[in-house]
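The structure appears below as structure tokens.
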Amino acid sequence: MVRVRFAPSPTGNLHIGGGRTALFNWLYARTKQGKFILRIEDTDKLRSKQEFVDEILNSLKWLGFDWDEIYYQSQHFETYHEFARKLLKKGKAYTERSLERDGEAIIFKVIPQKIKTNDLIRGEIEFDSQVIKDQVLIKSDGTPTYNFACVIDDVASDITHVIRGDDHISNTPKQVLLYEALGFKLPQFAHLPLIMGMEGGRLSKRTGATAISDYRAMGYLPQALVNYLLLLSWAPGENRERIDINEAIKLFDLSNINKTSATFDLKKLGWMNNQYLKDEDSEKLTDQIIPLLVEKKYIGEENFDKKYITSLVKLFQPRLSLVNDFPDWADFFFVDEVTIAPKAKEKYLNKDFSREFALFIERLDGLKSFDVVSIEEEFRSLVSGLGIEAKDLIHPIRVALTGKTVGPGLFEVVYYLGRERAKKRLRRFIK
Ligand code: GLU
């Protein structure tokens with residue numbers, strides 16, 4: 001049975017790279033009906049923090065990566081010591097007294113040799129152990145090193161496939177030597193290609209290596225982020241980009257992971273988020289948006305019209321690329337006085353529209369039924385009577401009502417603003 005693990009160190013938040021590693025492990029487990037194991041690598045007592053454990057677990061849950069087992073390396077210290085003593089007994093390791101503190105380190109003797117592994121993504125890799133120095137297994141303070149604890153745990157938890165980022169490739173030969181010295185069977189290794197930032201170079205904080213929880217706070221949907229992470233190293237074929245995770249489970253295999261590095265492109269992620277936002281359940285989205293509106297004081301904490309807000313959400317959904325953009329895009333529905341962007345005024349309200357606006361107000365007043373279709377009919381009949389093109393009046397009215405040059409359809413905007421508010425905003429421009 002396939003058993004894979006994701007092994008974060010709780011010394012920081014879960015970032016994009018870690019999210020992708022978790023995704024591919026989880027996906028492989030689900031594809032093969034295997035087990036996905038979470039191992040918290042908290043051997044560094046000083047740098048490991050409970051708040052990071054919580055943050056990592058919450059982010060994994062949010063992304064939808066449920067785990068079958070979880071354990072903490074800090075609970076296994078006795079096992080690491082036991083295996084280190086075995087290596088000492090076999091003469092494959094030696095001790096070294098610490099000069100600074102009471103205690104001794106256990107060090108693994110590296111015998112020069114060629115080390116070969118068959119990586120499922122990179123193919124055969126050959127390392128020369130000439131460059132590998134003797135390896136500390138247990139530090140003089142009693143804590144195990146990453147490479148040693150990693151091997152012991154991967155063996156103890158029957159890991160069949162070690163899927164991790166390419167940044168660990170230099171650790172692999174060191175681990176292979178330990179497997180051999182302990183007489184353990186090697187797992188299959190699969191190193192995922194690096195993720196680069198848009199400006200080349202490794203993904204850095206500046207180029208988008210932000211925590212998964214930050215993406216959540218910015219208003220990305222988990223399905224969109226997961227789909228995007230998937231595309232960073234894998235393609236479902238036929239030039240498809242959007243793929244539901246359940247379908248990916250059916251199609252995925254390690255053998256068709258890209259070998260070349262991926263580029264993290266925020267614009268593309270925004271596009272992907274829009275693809276999912278379009279189809280998201282509007283009520284669910286509204287629940288996510290309400291706190292943002294409360295925060296902006298656009299609505300009170302309790303007395304708001306949820307049905308009305310849902311209608312507005314529906315209006316913006318096709319264009320929204322971030323949930324959190326909604327309050328800024330839809331602000332004109334929630335404030336009394338709209339602020340007109342100077343550029344918008346310059347472009348579309350650069351002459352006197354008193355006559356046209358007054359006539360439109362008249363038409364609105366004359367409407368027996370105030371609905372989107374009737375508003376549009378009146379508007380079309382007005383512009384044809386004036387002998388102008390629809391767009392010659394649509395843009396100025398939009399700017400007067402919303403303060404912006406882009407937005408949802410004008411007749412919907414008029415309808416949802418309501419007759420009185422629309423009239424009031426137009427009147428401001430009548431001399
Ligand atoms: N704790 C390591 C990391 O966060 C795990 C590496 C591995 O998967 O072996 O990078």
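Atoms within each ligand, like the ligands themselves, are counted from 1 in listed order.
- A cation-pi geometry, defined here as NZ or CZ lying under 6.0 Å from the six-membered ring centre and within 45° of its normal, holds between Arg242 and Tyr276.
- In this structure, Phe316 and Trp329 have tilted ring planes: the angle between them lies in the 30° to 60° band.
- Under the side-chain hydrogen bond (donor to acceptor under 3.5 Å, both in side chains) criterion, Arg319 pairs with no residue at all, not counting sequence neighbours.
- Between Phe184 and Phe83, the distance separating the two ring centers is shorter than 6.0 angstrom.
- Regarding atom 5 (C) of ligand 1, its nearest protein heavy-atom neighbour is Ala7 O, 3.1 Å.
- The closest protein non-hydrogen atom to atom 8 (O) of ligand 1 is Arg5 NH1, 2.7 Å.
- Aromatic ring centres of Phe252 and Phe24 lie closer together than 6.0 Å.
- Of the possible polar contacts, none joining the Ser233 side chain to the Leu229 backbone as a donor-acceptor pair under 3.5 Å is found.
- Per-residue contacts place Arg164 under 4.0 angstrom from the following atoms of ligand 1 (heavy atoms of the residue considered): 7 (C), 8 (O), 9 (O).
- Within ligand 1, counting atoms from 1 as listed, the ones closer than 4.0 Å to a heavy atom of Cys150 are 9 (O).
- Scanning the protein heavy atoms around atom 10 (O) of ligand 1, the nearest turns out to be His168 NE2, 2.7 Å.
- For atom 9 (O) of ligand 1, the closest heavy atom belonging to the protein is Tyr146 OH, 2.5 Å.
- Between Phe6 and ligand 1 there is no heavy-atom distance shorter than 4.0 Å.
- Looking only at heavy atoms of the protein, atom 1 (N) of ligand 1 is closest to Glu41 OE1, 2.6 Å.
- Ligand 1 has an N or O atom lying under 3.5 Å from an N or O atom of Ser9, backbone or side chain.
- Remark: aromatic rings of Phe36 and Phe65 are distant, center separation not under 6.0 Å.
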